[in-house]
Amino acid sequence: MSDRIEKTFAKLRSEKRAALIPFIMGYDPDAATTAALLDALPGAGANIIEIGMPFSDPMADGPVIQAAGKRALATGATVAGILELVRGFRKKHADVPIILMGYFNPVYRYGLPTPERSLSAKAGSLQQSSGFAQAGNEKFCKDAAAAGVDGIILVDLPPEEEQEIRPYLDSSGLKLIRLVAPTSGDARLPLLAKSASGFIYYISVTGITGAKAADTGALKTKIEHLRQFTKLPIAVGFGIKTAAQVKEVSAFSDAVVVGSALVDIIGKAKGKEDIVKSSIEFVRQLANAL
């Protein structure tokens, strides 16, 4: 698999501009609308696209993205279904990187027996669970890479526990993108940086997604400090909601992620055509700020 992430950032560096990374929740409000959004986003100026994998217990997400996850699950969202959407996207868009963002539970459960079948197995429960997790992680990574996914953000998987999936990510060519928070101290930053690949996602505010706006002055200082620990591109997300903020943050970062503001537009729009039109208009405004 070609390194679409590296090529994208190299191209943008040569053009002296930052990447725009919009986030949408897979299957919000349904698969067909997500497919239409994915198809339209590159033309609106999205350089990398982040797709949320809905989960029933999204500890890092604020009300807007939690609501999107509930809508997606209600309409039948599955990890396999989201990979199918990526596969369809790749038929038209060969060069735009796709990042999946979510939680570890749906990944290690991917493609495995139902809980009822798992409980009925005769092997010891702890050993059985470990074997199932390894099988689920391996199958997910293979299928994600085959579908055209470039990287994954697993919100609740710390570096200390990544060995359950790291070998399968590496063998499949998938990047493990690490979150770095304002509370990540100098003692921890080297571990996070060493574990990361593709790019680093810097959380601009403490707390959940969409809860508050970023202080760009303090944020610039944090990003400059983080660069002492990594040569990877640094994307900034959480709390970036407007074109003006995108412009400010892009002056000292390599990419800007906009999630809750876009997901809120999707949640308030009526019908597929309105969702696509209003979302694309918003993304185009953000892209023009770069």
Side-chain angles (χ1 to χ4, degrees), residues 4-5 7-9 11-12 15 17-54 64-65 68-69 71-72 77 81-102 144 147-153 175 177 198-199 201 209-210 233 235-237 240-243 245-247 249-250 253-269 271-290:
R4 282 182 283 258
I5 295 175
K7 289 180 179 179
T8 295
F9 278 112
K11 180 177 183 295
L12 292 171
E15 298 170 356
R17 62 191 181 96
L20 176 63
I21 309 179
F23 168 95
I24 61 173
M25 182 66 72
Y27 273 67
D28 177 31
D30 53 55
T33 304
T34 301
L37 278 170
L38 288 173
D39 188 39
L41 281 170
N47 304 114
I48 299 171
I49 300 172
E50 188 179 328
I51 305 174
M53 298 183 292
V64 171
I65 293 182
R71 291 193 297 267
I82 290 172
L83 294 185
E84 188 60 35
L85 289 172
V86 177
R87 192 172 290 108
F89 174 83
R90 280 282 167 249
K91 293 177 181 179
K92 295 184 179 180
H93 307 278
D95 300 325
V96 179
I98 291 286
I99 308 299
L100 299 184
M101 184 173 188
V149 174
D150 298 280
I152 184 168
I153 302 169
K175 306 298 184 183
I177 295 148
F199 62 90
Y201 187 134
T209 57
V236 177
I240 313 297
K241 301 179 179 181
T242 67
Q245 288 176 315
V246 166
K247 183 176 182 178
V249 174
S250 69
S253 69
D254 302 293
V256 185
V257 184
V258 178
S260 293
L262 175 56
V263 172
D264 190 42
I265 289 171
I266 293 170
K268 291 177 178 178
K272 178 180 173 181
E273 291 185 6
D274 185 24
I275 288 173
V276 174
K277 180 182 178 181
S278 56
S279 298
I280 294 309
E281 286 178 355
F282 178 62
V283 171
R284 189 171 286 116
Q285 291 174 11
L286 301 179
N288 288 341
L290 297 172

Worksheet entry | Residues in salt bridge (Lys or Arg N to Asp or Glu O under 4.0 Å) contact with K91, at least two apart in sequence or another chain | none
Worksheet item: Closest approach of P54 and A72, non-hydrogen atoms and distance?
Response: CG-CB, 3.8 Å
Discussion item. Give me the atom names and distance for the closest heavy-atom approach of D28 to A68.
Written reply: OD2-CB, 3.4 Å
Fill in: Residue pair I240, L286: steps toward the side-chain contact (heavy atoms from CB on, under 4.5 Å) verdict
CA-CA 10 Å; I240 313 297; L286 301 179; over 6 Å; no
Fill in: From CA spacing to verdict: side-chain contact (heavy atoms from CB on, under 4.5 Å), K241, D264
CA-CA 10 Å; K241 301 179 179 181; D264 190 42; over 6 Å; no
Worksheet item: Is the closest side-chain heavy-atom distance between F9 and P97 below 4.5 Å?
Response: no
Response to the item:
Applying side chain to side chain contact (heavy atoms under 4.5 Å, CB included) to N288 and not counting sequence neighbours gives R284
Worksheet entry | Rounded distance [0.5 Å steps], CG in L37 versus CE in M25 | 13.0 Å
Practice prompt. Verify, without hydrogens or angle tests, whether R4 (side chain) and I98 (backbone) share a donor-acceptor contact under 3.5 angstrom.
Written response: no
Worksheet item: In Å and rounded to the nearest 0.5 Å, what is the CG to CZ distance from L38 to F89?
Response: 6.5 Å
Practice prompt. Could you grab the distance from atom CG of D254 to atom CZ of F199, nearest 0.5 Å is fine?
Written response: 10.5 Å
Discussion item. Let me confirm one number: the CD1-CZ distance from I49 to F23, rounded to the nearest 0.5 Å.
Written reply: 12.5 Å
Worksheet item: Minimum heavy-atom separation for A289 to V246, with atom names?
Response: CB-CG1, 4.4 Å
Worksheet item: Can you tell which of I177, L83, I153 makes a side chain to side chain contact (heavy atoms under 4.5 Å, CB included) with L100?
Response: L83
Worksheet entry | Nearest atoms (heavy-atom pairs only) where A261 meets F282 | CB-CZ, 3.8 Å
Item to complete: Identify the heavy atoms of V236 and S253 that sit nearest to each other, and give their distance.
Response: CG2-CB, 3.7 Å
Worksheet item: If you round to the nearest 0.5 Å, how far is NZ of K11 from CG of N47?
Response: 8.0 Å
Worksheet item: Between D95 and K7, is the closest basic N to carboxylate O distance under 4.0 Å?
Response: no
Fill in: Donor-acceptor pair, side chain of T33 and main chain of P29, under 3.5 angstrom
no
Item to complete: Identify the heavy atoms of A19 and L290 that sit nearest to each other, and give their distance.
Response: C-CD1, 4.2 Å
Worksheet entry | Close side-chain approach of I152 and M53, heavy atoms under 4.5 Å | yes
Worksheet item: Is R90 paired with D150 through a side-chain N to carboxylate O contact shorter than 4.0 Å?
Response: yes
Discussion item. Taking V276's backbone N and O only, do any of them form a donor-acceptor pair with S279's side chain (distance below 3.5 Å, no angle check)?
Written reply: no
Worksheet, complete the sentence: Separation between CD1 (I65) and CE (M101), nearest 0.5 Å, reads 7.5 Å
Worksheet item: Are the side chains of I82 and T34 in touch, meaning some heavy atoms are under 4.5 Å apart?
Response: no
Worksheet item: Does the pair E273/K277 count as a salt bridge with the N-to-O cut at 4.0 Å?
Response: no
